[in-house]
Amino acid sequence: MTHVVSEACIRCKYTDCVDVCPVDCFREGPNMLVIDPDECIDCAVCIPECPVNAIYAEEDLPANQIAFIKLNAELAVADGWKSITKRKPALPDAEEWKDKTDKVGELVR
């Protein structure tokens with residue numbers, strides 16, 4: 001099992017989680033983070049760090065977020081999605097987006 005970044009991260013991209021990751025498994029895209037499932041060691045230290053509750057253990061992922069298992073794996077190795085190991089400021093309008101749902105159409109690959 002691995003951990004998965006869900007839709008809640010889109011257009012927020014808070015990076016509190018990357019500071020605590022012991023194996024640097026987060027990858028950064030233009031407006032979201034993902035977890036590389038080949039790197040994640042299932043330690044769960046990132047889960048409580050996410051201010052928008054976007055990170056789940058794979059087995060705890062809500063049914064409407066299951067597609068993010070495949071999406072995290074795909075984007076973790078996509079061109080332009082690089083490892084992120086240090087906290088950065090969230091996106092400028094993150095506060096406006098943090099409580100919104102149905103954001104998958106906003107994902108920039």
Side-chain angles (χ1 to χ4, degrees):
M1 287 292 142
T2 186
H3 285 76
V4 178
V5 179
S6 68
E7 182 178 41
C9 186
I10 297 172
R11 298 228 31 193
C12 293
K13 199 167 85 171
Y14 291 99
T15 58
D16 307 54
C17 53
V18 303
D19 272 345
V20 298
C21 181
V23 293
D24 301 334
C25 68
F26 285 91
R27 303 295 180 265
E28 178 183 22
N31 69 348
M32 179 184 182
L33 301 177
V34 296
I35 292 174
D36 184 335
D38 293 331
E39 298 291 327
C40 181
I41 60 170
D42 202 27
C43 69
V45 297
C46 57
I47 292 174
E49 298 302 317
C50 182
V52 294
N53 300 313
I55 305 170
Y56 292 87
E58 187 175 321
E59 64 270 13
D60 296 333
L61 200 60
N64 67 342
Q65 300 291 301
I66 294 296
F68 280 84
I69 296 170
K70 183 178 177 185
L71 189 66
N72 274 241
E74 175 189 324
L75 295 177
V77 296
D79 287 341
W81 288 67
K82 302 295 181 200
S83 179
I84 178 172
T85 60
K86 300 280 186 230
R87 180 186 285 182
K88 296 179 177 181
L91 294 176
D93 58 352
E95 282 296 308
E96 296 171 37
W97 284 93
K98 71 177 187 169
D99 297 320
K100 294 188 180 192
T101 57
D102 299 319
K103 300 190 290 185
V104 73
E106 298 290 328
L107 176 61
V108 177
R109 293 174 176 254

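Position 1 is the first residue of the sequence, and the numbers go up from there.
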Item to complete: Decide, yes or no, whether a salt bridge links Glu106 with Lys100 under the criterion of side-chain N to carboxylate O below 4.0 Å.
Response: no

Discussion item. I'd like to know if Lys13 and Glu28 make a salt bridge, using a cut-off of under 4.0 Å between side-chain N and carboxylate O.
Written reply: yes

Answer whether the closest heavy-atom distance between the side chains of [X] and [Y] falls below 4.5 Å.
| X | Y | result |
| --- | --- | --- |
| Leu107 | Met32 | yes |
| Val52 | Trp97 | no |
| Asp36 | Trp81 | no |

Q: Mark yes or no for whether Asn31, through its side chain, and Val108, through its backbone, hold a donor-acceptor pair below 3.5 Å.
A: yes

Check whether Asn72 reaches the backbone of Val34 with its side chain - one donor and one acceptor, N or O, closer than 3.5 Å. no

The complete set of side chain to side chain donor-acceptor pair (under 3.5 Å) pairs with one or both residues in residues 47-62, sequence neighbours excluded, reads none

Result for side chain to side chain contact (heavy atoms under 4.5 Å, CB included) between Phe68 and one of Val104, Leu75, Ile35 points to Val104

Smallest heavy-atom separation, Thr85 atom then Asp24 atom, equals CG2-CG, 3.3 Å

Apart from Val77 itself, members of its ILVMFWY cluster (side-chain separation under 4.5 Å) are none

Residue set satisfying salt bridge (charged side-chain N to carboxylate O under 4.0 Å, His left out) with Lys103, at least two apart, ordered chain then number -> none

